[in-house]
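Below is one structure, written out as structure tokens, with a few remarks after it.
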Amino acid sequence: VRARAGRPAPLSAPGAERLTPLPDWATTHGDAEDDEQALWAADAAAGMRTRAMVKVEDGCNDFCTFCIIPFTRGMPRSTPTARVLERVRARLAGGAQEIVLTGVHMGKYGTDHAQRKRAAADPAEAPDLPALVARVLAETDVPRLRLTSLEPTDAQAMLPLFADPVAAGRLARHLHLPLQSGCDATLARMRRDYDTAEYARIIAAVRAAVPDMGITTDVIAGFPGETEDEFAATCAFVERMEFMGVHVFPYSGRPGTPALDMPGQVDPQTRQARVHHLTELGRRAHDAFAAQMLGQVFPVLWEEAGPDGGSGLTDNYLRVRTRHPVLYNTITPAHLTGFDATALWAEPLR
């Protein structure tokens with residue numbers, strides 16, 4: 001499911017929206033920021049924005065066997081740092097309380113020749129993603145800054161930022177780290193650059209560094225060659241990781257990708273059955289994570305609000321509801337008080 005820029009697409013697991021999809025118009029090698037600017041301006045004028053995406057990178061050169069992006073988007077290209085800061089400030093001036101930095105493979109920021117050349121010539125240009133995030137936090141008054149999807153191998157480089165006093169209460173404690181499969185044999189066929197042992201080490205490091213971090217992920221069900229044993233290994237690994245949310249995709253072949261011609265294509269009925277099973281695991285994981293947060297106080301950005309209550313997002317990406325009066329597009333501390341079949345409930349503290 002795709003979403004317009006700045007509007008998350010719903011996940012299968014309740015309360016865990018996916019922030020990673022780029023808007024439908026961002027499908028070419030060119031810079032889509034002009035279109036994004038137009039969409040932002042229209043929605044901001046209508047008072048419809050609480051969060052806004054700022055694209056910092058496009059393209060990828062990983063060539064996963066299921067992915068067409070390197071062919072449709074091209075190689076990584078970084079948005080100049082000054083332009084990122086300019087766009088963040090523009091979104092803030094338009095009323096956004098949360099800025100979401102997005103890209104196709106954000107960890108590639110600074111690896112392209114153009115950005116390396118800019119950074120070598122100008123110390124104001126960020127050489128990598130951690131430096132860019134630090135610049136945004138230090139040079140804008142963004143109340144809340146969130147990162148979209150990061151490859152697992154990029155996550156640890158971001159952890160020192162969460163300990164920086166400048167980021168305290170502003171850098172959202174949420175990381176979306178795509179897994180794709182919990183089976184090493186499947187990961188190898190996908191040509192991912194980690195195995196389950198490395199992924200588990202990364203998750204452990206993230207949780208040790210940042211208490212109450214919400215970790216969401218992507219999983220592909222029914223990848224070519226996925227046997228019942230491989231699927232069972234994925235399910236067991238997903239359960240062990242205790243994600244906050246799991247976005248499940250049935251494998252869908254893309255012309256021009258190696259996976260399309262792999263042997264052992266999984267039939268659609270089996271793919272859908274596996275999607276349903278993984279979605280249920282994701283729902284249970286979300287509920288377990290939400291229950292662990294009860295009794296704590298979190299900052300909530302209220303996105304639906306009024307005299308009879310509303311709903312919003314914690315910094316670690318839990319959707320909460322309240323029956324108390326709250327103000328639209330404000331961030332307030334809220335005490336998480338209950339969790340039932342309909343919602344995670346909170347009481348605003350001011």
Side-chain angles (χ1 to χ4, degrees), residues 13 16 18-20 57 59-67 69-70 76 103-111 128-131 133 147-163 171 173-227 229-249 251 257-259 262 274 278 281-282 285 288-289 316-317:
R18 174 172 166 77
L19 283 171
T20 50
E57 181 274 344
C60 182
N61 57 359
D62 278 358
F63 291 95
C64 296
T65 57
F66 55 82
C67 185
I69 281 176
V104 172
H105 187 159
M106 287 208 302
K108 298 285 186 180
Y109 188 90
T111 63
D128 54 30
L129 183 63
V133 173
L147 307 176
T148 53
S149 182
L150 287 175
E151 287 301 302
T153 49
D154 298 326
Q156 285 182 275
M158 307 304 299
L159 296 182
L161 289 167
F162 288 92
L171 186 57
R173 293 172 296 173
H174 167 235
L175 291 175
H176 185 86
L177 306 177
L179 171 64
Q180 308 304 6
S181 175
C183 171
D184 288 339
T186 311
L187 288 172
R189 290 197 304 278
M190 291 176 168
R191 204 183 291 154
R192 301 291 284 170
D193 63 353
Y194 53 84
D195 58 16
T196 53
E198 182 179 9
Y199 189 97
R201 286 194 297 270
I202 292 167
I203 294 294
V206 169
R207 287 178 170 147
V210 187
D212 300 328
M213 175 73 83
I215 301 175
T216 53
T217 196
D218 294 337
V219 179
I220 297 174
F223 188 75
E226 185 181 67
T227 65
D229 286 345
E230 290 185 359
F231 177 66
T234 288
C235 293
F237 189 77
V238 167
E239 288 187 283
R240 182 156 65 92
M241 290 301 98
E242 299 180 336
F243 294 111
M244 188 193 75
V246 181
H247 193 186
V248 186
F249 299 88
Y251 168 73
T257 59
M262 286 182 176
R274 292 176 180 178
L278 283 166
L281 294 183
F289 182 86
N316 65 350
Y317 217 58

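Note that the structure is predicted; figures quoted are calculated from it, not measured.
- Checking side-chain atoms of Ser181 against main-chain N and O of Thr186 turns up no donor-acceptor pair under 3.5 Å.
- Taking all atoms of both residues into account, the shortest heavy-atom contact from Asn316 to Asp212 is ND2-O, 3.0 Å.
- Side-chain atoms of Asn61 and His105 form no donor-acceptor pair, as typed in the model, at a separation below 3.5 Å.
- Residues Thr216 and His247 have side chains not in contact (no heavy-atom distance under 4.5 Å, counting atoms from C-beta outward).
- Judged by distance alone, with hydrogens and angles left aside, the side-chain atoms of Asp184 form a donor-acceptor pair with the main-chain N or O of Thr196 at under 3.5 Å.
- Looking at Glu242 and Phe289, their side chains never come closer than 4.5 Å, going by heavy atoms from C-beta outward.
- Residues Phe162 and Leu171 form a side-chain contact, since some pair of their non-hydrogen atoms from C-beta on lies under 4.5 Å apart.
- His176 and Ser149 form no side-chain donor-acceptor contact under 3.5 Å, judged by distance and modelled atom types alone.
- In this structure, Met262 and Thr65 have side chains that are in contact, with non-hydrogen atoms separated by less than 4.5 Å.
- Using a 4.5 Å heavy-atom threshold, the side chains of Leu150 and Leu177 count as touching.
- When side chains are defined from C-beta on, Glu230 does not count as touching Phe223, because their heavy atoms never get closer than 4.5 Å.
- In terms of the ring pair (Phe, Tyr, Trp, His ring centres under 6.0 Å) criterion, residue partners of Tyr194 (sequence neighbours excluded) are, by chain and number, Tyr199.
- Taking all atoms of both residues into account, the shortest heavy-atom contact from Thr217 to Leu179 is OG1-N, 2.9 Å.
- Without hydrogens or angle criteria, Asp62 side chain to Cys64 main chain gives no donor-acceptor distance under 3.5 Å.
- Within the 4.5 Å cutoff, the side chain of Tyr109 has no heavy atoms near those of the Met106 side chain.
- Of the possible donor and acceptor atoms, none in the side chain of Arg192 sits under 3.5 Å from a partner among the backbone N and O of Gln180.
- With sequence neighbours excluded, the residues that form a side-chain contact (heavy atoms from CB on, under 4.5 Å) with Ala221 are Val248, Arg274, Val275, Leu278.
- None of Met244, Arg173, Arg207 except one satisfies the side-chain contact (heavy atoms from CB on, under 4.5 Å) rule with Ile215; the exception is Arg207.
- Annotation: the span from Glu151 atom CD to Lys108 atom NZ amounts to 8.5 Å, rounded to 0.5 Å.
- For the pair Glu198/Thr153, a side-chain contact is recorded, criterion being any heavy-atom separation below 4.5 Å from C-beta on.
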request  = Test Glu57 against Val104 for side-chain contact (heavy atoms from CB on, under 4.5 Å), laying out the working first.
outcome  = CA-CA 6 Å; Glu57 181 274 344; Val104 172; 3.9 Å; yes
